[in-house]
Amino acid sequence: MQRGLAVTELGPSSGPRIVFVHGFTQTGRSWLPVVEPLTAEGWRVLLPDAPGHGGSTGVEADLPTSAALLGEACGHGVYVGYSMG
């Protein structure tokens, strides 16, 4: 069983960080159409795959554990989500 979440990082390696959390049955890539303008403005964008989704398919976690894994994988930043995200 996989422990950590898969995360796609876009934009600069430093700077303000924004994390986009997808909804049920999606992956972090579902946010790609909206993140390009942010990376162009210097935002560091993180697109995690939630437990059981995409690159995190091997991760099994309840809600509190999912939140902890998300924090471990993405750290401090502005979080944006929809549905279960």
Colleague: Enumerate the ring pair (Phe, Tyr, Trp, His ring centres under 6.0 Å) contacts for residues 35-73, please, sequence neighbours excluded, ordered by first and then second residue.
Modeller: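 Sorted pair list: His22-His53, Phe24-His53.
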Colleague: So, for Pro33 and Arg29, which heavy atoms are closest and what is the spacing to 0.1 Å?
Modeller: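 Here Pro33 and Arg29 meet closest at CD-O, 4.3 Å.
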Colleague: Are the side chain of Asp49 and the backbone of Thr27 linked by a donor-acceptor contact shorter than 3.5 Å?
Modeller: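 Not a single qualifying donor-acceptor pair exists.
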Colleague: Tell me, please, which residues at least two apart from Ala73 pass side-chain contact (heavy atoms from CB on, under 4.5 Å).
Modeller: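 Testing Ala73 for side-chain contact (heavy atoms from CB on, under 4.5 Å), a comparison that skips the adjacent residues, returns Leu5, Val7.
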Colleague: Apply salt bridge (Lys or Arg N to Asp or Glu O under 4.0 Å) to Glu9 and list each qualifying residue two or more places apart in sequence or on a separate chain.
Modeller: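 By the salt bridge (Lys or Arg N to Asp or Glu O under 4.0 Å) rule, Glu9 matches Arg44.
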Colleague: Answer whether the closest heavy-atom distance between the side chains of Trp31 and Tyr82 falls below 4.5 Å.
Modeller: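 Trp31 reaches Tyr82 side chain to side chain.
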Colleague: Which residue pairs pass the side chain to side chain donor-acceptor pair (under 3.5 Å) test with at least one member in residues 63-76, sequence neighbours excluded?
Modeller: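 Listed by first then second residue: Asp62-Thr65.
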Colleague: May I ask you to test the Pro48-Val19 pair for a side-chain heavy-atom distance under 4.5 Å?
Modeller: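 Of all side-chain heavy-atom pairs linking Val19 with Pro48, at least one is under 4.5 Å.
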Colleague: Contact between Leu47 and Val35 at the side-chain level, heavy atoms closer than 4.5 Å - yes or no?
Modeller: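 Side chain of Leu47 against side chain of Val35, heavy atoms only: contact under 4.5 Å found.
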Colleague: Work out which heavy atom in Ser83 is nearest to a heavy atom in Gly23; give both atom names and the distance.
Modeller: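 Nearest heavy atoms, Ser83 then Gly23: CB-CA, 3.7 Å.
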Colleague: The test is side chain to side chain contact (heavy atoms under 4.5 Å, CB included); show your working for Phe20 and Leu38 and say whether it passes.
Modeller: CA-CA 12 Å; Phe20 288 90; Leu38 296 168; 3.5 Å; yes
Colleague: Among residues at least two apart in sequence or on other chains, which ones pass side-chain contact (heavy atoms from CB on, under 4.5 Å) with Thr39?
Modeller: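 In terms of side-chain contact (heavy atoms from CB on, under 4.5 Å), with neighbours along the sequence ignored, Thr39 is linked to Leu10, Val45.
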Colleague: Run the salt bridge (Lys or Arg N to Asp or Glu O under 4.0 Å) test against Arg17 and tell me which residues pass, sequence neighbours left out.
Modeller: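 With neighbours one apart ignored, the set is empty.
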Colleague: Would you give the length of the straight line joining atom CD1 of Ile18 to atom SG of Cys74, rounded to the nearest 0.5 angstrom?
Modeller: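 Rounded to the nearest 0.5 Å, the CD1-SG separation comes to 12.0 Å.
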